[in-house]
Amino acid sequence: MSSSDDARKSHDTNPAANQDGMAKGLTNYGDRGFSLFLRKAFIKGAGYTDKALDRPVIGITNTGSAYNPCHGNAPQLIEAVKRGVLMAGGLPMDFPTMSIHESFAQPTSMYLRNLMSMDTEELLRGQPMDAVVLIGGCDKTVPAQLMGAASAGLPAVQLITGSMLTGSHRGERVGACTDCRRYWGKFRAEEIDAEEVAEVNNQLVASVGTCSVMGTASTMACIAEALGMTVPGGASPPAVTADRIRVAEESGTLAVEIARKRLTIDKILTAKAFENAMRVLLAIGGSTNGIVHLTAIAGRLGFEIDLKALDRMGRDTPVLLDLKPSGDHYMEDFHHAGGMATLLRELKPLLHLDALTVTGRTLGEEIEAAGPGFKQDVVRSMSNPIYPQGGIAVLQGNLAPGGAIIKQSAANPKLMEHEGRAVVFENAEDLALRIDSPHLDVNPEDILVLKHIGPKGAAMPEAGYMPIPKKLAMAGVKDMVRISDGRMSGTAFGTIVLHVMPESAIGGPLAYVQNGDRIRLSVANREITLLVSDQELARRMAAAPVQEPVAERGYKKLFLQSVTQADKGVDFDFLMPPLTAGTIPKIK
Ligand code: FES
């Protein structure tokens with residue numbers, strides 16, 4: 001057929017009959033035929049033929065950004081995705097979306113996650129595409145993309161950028177960012193000098209890619225694969241490896257297949273898929289942020305995550321993955337050990353093997369296809385776990401009537417049953433001002449309490465990992481019980497209670513804790529109790545009621561009006577569907 005025949009055929013196309021590819025989601029000029037005619041005229045300005053424009057259109061989110069070294073391989077990934085799309089007969093269309101890096105987002109990356117999800121959702125909905133490859137990696141990007149894609153409802157494949165390589169400092173292997181915190185802690189305690197801390201600064205991030213430990217980025221990569229949203233083996237290849245590029249090519253090819261099959265994201269993100277992801281979150285000793293993000297993604301499909309049931313699930317889901325901060329290895333070691341297939345094979349008795357994945361096969365079929373496994377020392381067996389229970393425990397008590405969490409696998413066993421005197425900081429600024437003061441009245445057995453770092457208080461920064469007061473750090477204290485309504489980085493470690501609900505900024509009991517109050521933590525009993533009478537608490541509330549924060553305009557106004565608590569994923573209430581699809585997990 002000549003190109004003029006192609007053109008005639010294309011213009012004869014009845015846009016009312018063909019709603020796919022370039023004819024999808026036409027701009028409204030009141031004449032659908034003209035809308036398609038105009039769209040094709042414009043795209044032909046970039047040199048496309050009608051033959052190319054008749055193919056299934058595969059969107060590729062370009063989240064490359066000079067501000068985001070975790071996505072520094074985006075150009076290579078996009079090239080490989082395009083190759084995969086073209087090989088399978090599709091038309092690749094990459095386009096920019098927001099990108100968020102943890103260290104370049106002020107006041108916090110969490111503040112921008114929902115904005116990125118809205119950006120992603122509306123660009124997926126508003127531009128013609130039959131499927132999309134979502135390129136994400138740094139902590140908030142994968143959740144934002146899965147939230148946005150879940151709401152947009154089209155076929156989608158998640159492509160992870162991959163972890164960074166590890167570096168070496170004076171003969172010791174190092175990687176972001178568990179070792180960032182460890183070395184900074186040593187510097188604060190004056191165990192190392194300014195010269196050495198500057199030296200290690202060059203080694204902590206040895207290449208582009210995401211943090212090399214089981215922080216939030218690695219957690220979300222594993223969760224994305226457990227949900228069935230990546231090609232098999234898509235979670236673990238480091239960013240700069242040939243394996244990662246091959247995963248990108250496969251993701252492109254797969255996107256064309258799911259576009260043809262109309263395998264929409266709601267068929268993958270089912271209740272069973274979320275239960276599998278929760279098992280994996282517990283078994284990898286995943287970041288506490290993982291539960292917030294998983295809740296937000298599930299929320300977009302109408303599911304509610306039951307934190308108490310998650311806790312019960314944790315009691316028979318041991319931590320199997322020996323990665324920092326719960327263990328010793330790094331993501332590249334996990335990849336060499338077979339990646340998620342090795343973990344999923346071990347977890348098989350606890351998984352819904354019939355959950356459908358984006359390949360069109362079930363999770364069980366993918367585990368079988370990955371083969372029998374081999375000897376390795378990164379993923380432990382169920383009979384020899386790193387930690388006997390799931391990494392995350394859910395606490396309750398009068399200090400957190402809506403619940404709170406602790407990453408028990410990264411906590412100090414000696415502090416998990418502890419009662420102490422509260423040393424209170426009113427907000428992050430107060431903490432920064434006083435934590436290093438030699439006059440701070442604090443002892444190692446005290447409990448540090450930080451208020452106003454919840455969703456409304458401060459957009460929930462990762463400030464829950466409060467530093468050990470300098471005078472105690474210098475005396476060799478490495479860990480203390482710390483309590484806040486904020487989050488902590490998945491790369492952090494310590495006996496740290498997080499996500500206290502309701503948060504202090506909306507008048508939760510945390511707002512009324514005073515210096516010298518006694519607090520009891522019992523991880524064994526899942527208890528967090530403020531040892532103050534109900535009458536005294538009521539008196540304090542009446543004497544100084546909390547004023548909720550407000551903003552006059554802009555995104556901040558939208559954020560403060562709409563943001564939910566951690567048990568709803570810190571999503572905006574208006575982004576969740578009105579009807580609930582049920583509670584997960586279903587085990588009682
Ligand atoms: Fe991007 Fe850690 S800062 S993954």
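In each ligand, atom 1 is the first atom listed, and ligand 1 is the first ligand listed. The figures here come from the full heavy-atom set of this structure, side chains too, leaving out hydrogens, waters and symmetry mates.
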Side chains of residues 149-158: which donor-acceptor partners sit under 3.5 Å, not counting sequence neighbours?
unit_1 : atom_1 : unit_2 : atom_2 : d
Ser151 : OG     : Met147 : O      : 3.3
Ser151 : OG     : Arg300 : NH1    : 2.9
Gln158 : NE2    : Leu134 : O      : 3.0
Gln158 : NE2    : Gln145 : OE1    : 2.9

Going by an N to O cut-off under 4.0 Å, is there a salt bridge joining [X] and [Y]?
| X | Y | answer |
| --- | --- | --- |
| Glu249 | Lys82 | no |
| Arg173 | Glu332 | yes |
| Glu503 | Lys451 | no |

Ring centroid separation for His169 and Tyr183, is it under 6.0 angstrom? yes
Close-range residues for ligand 1, whose non-hydrogen atoms fall below the 4.0 Å threshold: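 Lining ligand 1: Cys70, His101, Glu102, Cys138, Asp139, Thr210, Cys211, Ala217.
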Parallel, tilted or perpendicular: ring planes of Phe574 versus Phe572, cut at 30 and 60 degrees: parallel
